[in-house]
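I have a structure here, written as structure tokens, and I will follow up with some questions on it.
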Amino acid sequence: MPADLAHLVTVLITTSPTPSNPSTDLIGAVVDSFRKYCPELLRCPHVVVFDNFTVDENIKGKNRMKKGKVREEMGLHYAEYKDNVKSLLCDEGMRREEGEKESWPYDAWSRTTRIALMRTYREGVVAPALTFLEMGTQLGFGLAVREGLREVKTPYVIVVQHDWVFCADIPIRAILNTMVRSEEEGKRFRVRYVGMNGGRSLQYAIRRAQVHPVLWQTTRAMVEKREREEGDVELTPLFHWFDKPHICSVQHYLSTVFTRSGHIARGDFIEDKFGHRMMDECKEKGEEAMKKYCAWMWYPDHGRTAVLWHLRGRKRGGDEERVKELRDNAVPKVKNNCDALEEHALSFGDESTMADEQVISCSA
């Protein structure tokens, strides 16, 4: 593995209109969490994708940000926000190159959109340090990720939405080492997607996998069969493709999610469409399906530790007390209610479940 992670992984951040615009408090909290919990990411290339929106003054009640529909006032704030984000992330003295390009077709009629492009370079470095993409029309999270991947030159990418932050140390080098080693000849299972644990996915193997017999059998079988090497991180099989921060092989993303069969359409979230298809296939085919998806969750402390915190950007303004706390203190403590989860696991009548944690999760 390269000594410099900048040759191995790119940070891809997606953002869109929120009530906090033009403030950069949300995305600033994301970068602050990098600085505190995974500082190596700050030295990696970054691609920032600004999705577009549709102005709709007939919206009743709140803006429909998930659908990309906002009132004109929020749209004006978003234009200012994009300039503020560029100022926040770019170092003084960076060389800039600006231009335009065409998107990939975003629907069945092969329609495309213009993308405003800006690349920034540090002195003496050939590869761009920061790339900003401004969509010419509203695409939605899924297709925004696809456009961002076109600018990624490294074999791996970490995808981060603008309102998800780290709240625990992220061993990014160890995770990537695990992924790279899984590609060696003779390994039974590849690791090409690594999800991270938020508060709702604590002890995923017990809460989610055990409730379905095929998923539970697949979890136990895959963990028992996988080859383990010293220094690898703990992992458990993951049966749903989540949008929250994750690390993935770029080639795997393009060949598995963004295929010609059109899993993702304009306005879609990957986890809502592709994620559910993946879950259904895993329930039907078990281990055979997992060899196709190669998806795992980083599973520290047998899944008892949450490493992500959701700021709920569509619901909170930039001056909210919670966002200010993040900027000041780098992320609140997350309460992990594992006692309740143990009771939940035992309610299935398998008293050996908690004693078998070493089987449920493993060093990959």
Side-chain angles (χ1 to χ4, degrees), residues 1-2 4-15 26-49 85 89 127-133 141-142 144-183 190-198 201 232-233 235 238 241-254 256-258 269-271 275 293-300 306-311 331 364:
M1 192 177 98
D4 186 357
L5 288 188
H7 299 297
L8 191 64
V9 64
T10 296
V11 180
L12 196 166
I13 300 175
T14 63
T15 188
L26 280 174
I27 202 166
V30 172
V31 176
D32 285 348
S33 76
F34 292 173
R35 186 172 292 110
K36 180 168 185 179
Y37 295 110
C38 193
E40 284 190 284
L41 285 181
L42 297 176
R43 297 189 289 274
C44 294
H46 283 54
V47 175
V48 180
V49 183
V85 170
L89 298 181
L130 285 153
T131 301
F132 298 96
L133 303 175
F141 172 78
V145 168
R146 186 184 68 166
E147 291 303 325
L149 290 175
R150 294 177 66 195
E151 291 294 318
V152 174
K153 309 303 180 187
T154 56
Y156 294 94
V157 64
I158 177 168
V159 176
V160 183
Q161 292 167 300
H162 61 188
D163 57 354
W164 279 95
V165 295
F166 297 143
C167 57
D169 291 335
I170 308 296
I172 185 69
R173 189 174 289 273
I175 293 173
L176 287 167
N177 264 325
T178 301
M179 298 177 78
V180 170
R181 283 197 289 257
S182 77
E183 300 293 337
R190 309 302 183 191
V191 181
R192 293 174 178 168
Y193 170 105
V194 174
M196 298 190 188
N197 203 342
S201 49
D232 287 349
V233 296
L235 297 174
L238 184 62
W241 191 290
F242 289 111
D243 291 337
K244 61 189 175 184
H246 55 274
I247 304 168
C248 190
S249 156
V250 174
Q251 182 57 39
H252 187 57
Y253 231 128
L254 295 175
T256 305
V257 178
F258 299 117
F269 283 79
I270 298 170
E271 65 185 4
Y293 292 111
C294 308
W296 301 77
M297 176 181 284
W298 176 43
Y299 213 57
V307 301
L308 299 174
W309 186 266
H310 192 202
L311 302 181
V331 178

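Position 1 is the first residue of the sequence; numbering continues from there. These numbers were taken from a predicted model, which means no experiment stands behind them. The figures that follow rest on heavy atoms only: side chains count, while hydrogens, waters and symmetry mates do not.
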Q. L8 versus T154: any side-chain heavy-atom pair under 4.5 Å?
A.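 In short, these two side chains do not touch, never coming nearer than 4.5 Å.
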
Rounded to the nearest 0.5 Å, how far does OG1 of T10 lie from NZ of K153?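 One gets 9.5 Å once the value is rounded to the nearest 0.5 Å.
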
Do F141 and E271 make a side-chain contact, defined as non-hydrogen atoms from C-beta onward lying under 4.5 Å apart?
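SC-SC contact between F141 and E271 ruled out.
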
| message | Tell me if a side-chain donor or acceptor on T15 pairs with a main-chain N or O of H162 at a distance below 3.5 Å. | response |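 Answer holds: no.
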
Legend entry - Value rounded to 0.5 Å, distance of CG in L41 from CZ in R35: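 One finds 11.5 Å between CG of L41 and CZ of R35.
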
query: Side chains of I170 and M196: does their closest heavy-atom pair fall under 4.5 Å?
result: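 Yes; the side chains approach each other to less than 4.5 Å.
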
**Prompt:** Can the ring centroids of Y193 and H252 be said to lie less than 6.0 angstrom from one another?
**Reply:**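 No, the ring of Y193 stays outside the 6.0 Å limit from the ring of H252, centre to centre.
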
task = Spell out, as yes or no, whether a donor-acceptor pair under 3.5 Å connects the side chain of W296 to the backbone of R190.
result =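 The answer is yes, because a donor-acceptor pair under 3.5 Å joins these two groups.
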
- Side-chain contact test, heavy atoms from C-beta onward, threshold under 4.5 Å: evaluate it for L12 versus V49 and give yes or no.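 Heavy-atom side-chain distance check passes, below 4.5 Å.
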
Nearest 0.5 Å, please: how far is CH2 in W241 from SG in C248?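 Reported to 0.5 Å precision, the distance equals 3.5 Å.
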
Point to revise | Side chain proximity check, W298 to T178, heavy atoms < 4.5 angstrom | key: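 No, their side chains stay 4.5 Å or more apart.
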
Flag the pair V165 / Y37 as yes when at least one side-chain heavy-atom distance between them is below 4.5 Å, and no otherwise.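 With C-beta onward as the side chain, the pair stays apart.
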
_Any Y156 side-chain heavy atom under 4.5 Å of V180 side chain_ =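 A side-chain contact exists here, since the closest heavy-atom pair is under 4.5 Å.
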
Review point. For the atom pair CD (E151) and CZ (F132), what is the distance rounded to the nearest 0.5 Å?
Key: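 Result: 12.5 Å between the selected atoms.
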
Counting C-beta onward and ignoring hydrogens, is there a side-chain heavy-atom pair between L308 and F166 closer than 4.5 Å?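 Answer yes - side chains close enough.
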
